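Following: one structure in structure tokens, then a few remarks.
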Amino acid sequence: MPDLFAAIDEGRIEAIGPRACVLRGFALAQADALAAAVVDVARAAPFRHLVTPGGYTMSVAMTNCGALGWIADRRGYRYAAVDPQTGRPWPAMPPVFAHLAGTAAAAAGFAGFAPDACLINRYQPGTRLSLHQDRDERDYAAPIVSVSLGMDAVFLFGGLARSDTPAKVPLRHGDVVVWGGEDRLRFHGVLPLRDDPHPQLGSQRINLTFRKAA
DNA sequence: TAGTGGCT
DNA sequence: TAAG
């Protein structure tokens, strides 16, 4: 895979763990199509602020597409095939989403990634996501693929224990983070967003997180 | 298992 | 900023 080494040499791939990396600008060419597809998804399944089991309303607004969607409520976290807010199935995963997720995973060394869930997070200035693990999926063989659009963010990438000090990874429009294997359950989060409006997307950041949930 | 991507 |  000479392309992989070339990409590392050119700084387009940054390792942040044995099986975790940032693909700089990997989604840039598709960014407009991805953003347009988010608008379509949100028309059918509007962004909403979920309430955690502890009773706190999350600052980040969320929606989903694909066969399964991640949800939180007072009863816990889980994946559901039906959007509890609309009573309808989540919108289908747009082909440009699935293709990007598969090629990004392959570029990071995870061949054959076929996500059945895409959680879409909308960050506005001041919003954050505190340190957590993605552990509601059925098995952890598949990686997580995370796509950044819009405003800059600081991604926190920690260890397998919540108490492990996380690395701070700056993320920009078009960057893609992939983690799996021994890094699959690492704690991660996002620092409160600075208001530095993006030329295309304005004062927001959209994050697409692809998972194989079932 | 409980409890939980937030809070103090 | 760390920890529960």
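Quick caveat: nothing in here was measured; it's all calculated off a predicted structure. To find a chain, count down the sequence lines: A is the first, B the second, and so on, and within it residues start at 1.
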Atom [atom1] of [X] to atom [atom2] of [N]: distance rounded to whole Å?
X        : N     : atom1 : atom2 : result
A/Asp164 : C/dG4 : CG    : P     : 12 Å
A/Ile71  : B/dT4 : CD1   : P     : 17 Å
A/Phe187 : C/dA3 : CZ    : P     : 13 Å
A/Arg128 : C/dT1 : CZ    : C1'   : 12 Å
A/Leu156 : C/dA2 : CG    : C1'   : 13 Å
A/His49  : B/dG6 : NE2   : P     : 12 Å
A/Leu131 : B/dC7 : CG    : P     : 14 Å

Q. Can you find a side-chain donor-acceptor pair between A/Arg205 and A/Ser148 that sits under 3.5 Å?
A. yes
**Q.** A/Arg122 charged N/C atom sitting above A/Phe47 aromatic ring, 6.0 Å / 45°
**A.** yes
Q: Quick one: label A/Gly54 by what it contacts on the DNA or RNA (base, sugar-phosphate, nothing), any heavy atom closer than 4.0 Å.
A: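 Contact class for A/Gly54: none.
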Q. How are the rings of A/Trp179 and A/Phe155 set relative to one another: parallel (under 30°), tilted (30 to 60°) or perpendicular (over 60°)?
A.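 Because their plane-to-plane angle lies in the 30° to 60° range, the rings of A/Trp179 and A/Phe155 count as tilted.
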Q. Using 4.0 Å as the upper bound for N to carboxylate O, is an ion pair formed by A/Asp175 and A/Arg172?
A.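 No.
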(Q) Could you spell out the base pairing of DNA chain C as a dot-bracket line? Use Watson-Crick and G-U wobble contacts where both distances are under 3.5 Å, [ ] for crossing pairs, | for partners on a different strand. (A) ..||
Side chain of [X] - closest among [options]:
X        : options             : result
A/Ser130 : C/dA3, B/dG6, B/dT4 : B/dG6
A/Arg135 : C/dA3, B/dT4, B/dG3 : B/dG3
A/Tyr56  : B/dG6, C/dA3, C/dA2 : B/dG6
A/Leu129 : C/dT1, C/dA3, B/dG6 : B/dG6
A/Lys168 : C/dT1, B/dG6, B/dT4 : C/dT1
A/Thr165 : C/dA2, C/dA3, C/dT1 : C/dA2

**Q.** Syn or anti for B/dT1 (syn when the glycosidic angle lies within 90° of 0)
**A.**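 That one's syn.
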**Q.** A/Tyr79 side chain vs A/Asp136 backbone, donor-acceptor pair below 3.5 Å
**A.**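 Checking the backbone N and O of A/Asp136 against the side chain of A/Tyr79, no donor-acceptor pair under 3.5 Å is found.
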Q. Given the P atoms of B/dG6 and B/dA2, what is the spacing between them in whole Å?
A.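 To the nearest whole Å, 23 Å.
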Q: Report whether A/Leu34 and A/Val38 are members of the same hydrophobic cluster (ILVMFWY, side-chain heavy atoms less than 4.5 Å apart, transitive linking).
A: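 Cluster IDs for A/Leu34 and A/Val38 match.
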Q) Is there a path of hydrophobic side-chain contacts, each under 4.5 Å between heavy atoms of I, L, V, M, F, W or Y residues, that connects A/Val190 with A/Leu119? A)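 Linked within one cluster.
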(Q) Counting distance alone, no hydrogens or angles: does the base of B/dG6 have a donor or acceptor under 3.5 Å from a partner atom on the side chain of A/Arg162? (A)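 Result: at least one qualifying N/O pair found.
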